[in-house]
Amino acid sequence: MMQGNACYLGISILNSAGVTVEPVDVQDVEITVGNLKKTYLREELSYSGGLWLFPLSQGESFAQRPGPVRAQVRVAWANGVVEGCVLPGVYMDESISKEVL
């Protein structure tokens, strides 16, 4: 991804059996990318086609430092258990232009 992108990051979440986690399975999902945290319960995340969608505006992507970006997912299951994991391989390329289009 590059600074200045406005897009949805599609994130696949699988349970321990390798089955896709859907909204009916959870109380909430929290996804953190760099300094941004968004949750399903607050309607900041959406779900479509087996992917959890993390919206990213141009301003939000410009606010990320270039290079590797720390990212993680935390799931609050319907039974009250909360589990998290790291999202590997998230990288922010630096944009030459810093203008929001």
Side-chain angles (χ1 to χ4, degrees):
M1 126 181 96
M2 187 171 80
Q3 290 176 322
N5 284 4
C7 59
Y8 287 90
L9 302 178
I11 299 166
S12 176
I13 303 174
L14 305 176
N15 65 18
S16 60
V19 177
T20 299
V21 174
E22 298 181 356
V24 297
D25 303 321
V26 302
Q27 288 180 7
D28 199 8
V29 170
E30 174 191 85
I31 299 175
T32 304
V33 176
N35 58 0
L36 299 171
K37 177 177 69 172
K38 299 184 181 190
T39 73
Y40 184 68
L41 197 58
R42 285 183 269 188
E43 299 181 354
E44 299 161 320
L45 302 175
S46 56
Y47 179 84
S48 179
L51 296 176
W52 293 87
L53 303 175
F54 184 97
L56 193 63
S57 71
Q58 282 190 294
E60 289 171 333
S61 66
F62 273 130
Q64 301 298 317
R65 293 183 179 187
V69 178
R70 292 184 64 193
Q72 67 179 24
V73 171
R74 295 175 66 222
V75 175
W77 298 102
N79 66 6
V81 172
V82 177
E83 296 179 303
C85 69
V86 172
L87 292 174
V90 180
Y91 190 87
M92 182 66 69
D93 287 320
E94 184 172 10
S95 176
I96 297 169
S97 168
K98 304 298 184 199
E99 185 174 341
V100 172
L101 303 176

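It should be emphasised that the depicted structure is a prediction, and the values quoted were computed from it without experimental measurement.
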Could you report the tightest heavy-atom contact between [X] and [Y], atom names first, then the distance?
X   : Y   : value
T20 : D25 : O-OD2, 3.9 Å
V26 : W52 : CG2-CH2, 4.2 Å
M92 : S61 : CE-O, 4.0 Å
D28 : Y40 : OD1-N, 3.2 Å
L36 : F54 : CB-CZ, 3.9 Å
E83 : V81 : CG-CG1, 4.0 Å

Point-to-point distance, once rounded to the nearest 0.5 Å, from [atom1] of [X] to [atom2] of [Y]:
X   : Y   : atom1 : atom2 : result
N5  : Q58 : CG    : CD    : 8.0 Å
L9  : K38 : CG    : NZ    : 9.0 Å
M1  : L56 : CE    : CG    : 6.0 Å
S97 : Q3  : OG    : CD    : 10.5 Å
L87 : R70 : CG    : CZ    : 11.5 Å
L51 : I11 : CG    : CD1   : 9.0 Å

- Out of C7, P66, S95, which one pairs with M2 under the side chain to side chain contact (heavy atoms under 4.5 Å, CB included) rule?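 It is S95, the one option of C7, P66, S95 that forms the side chain to side chain contact (heavy atoms under 4.5 Å, CB included) with M2.
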- Given Q64 and N35, is the side chain to side chain contact (heavy atoms under 4.5 Å, CB included) satisfied, shown in steps? CA-CA 7 Å; Q64 301 298 317; N35 58 0; 2.5 Å; yes
- Message: Do V75 and W77 make a side-chain contact, defined as non-hydrogen atoms from C-beta onward lying under 4.5 Å apart?
- Response: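 Side-chain contact under 4.5 Å: yes.
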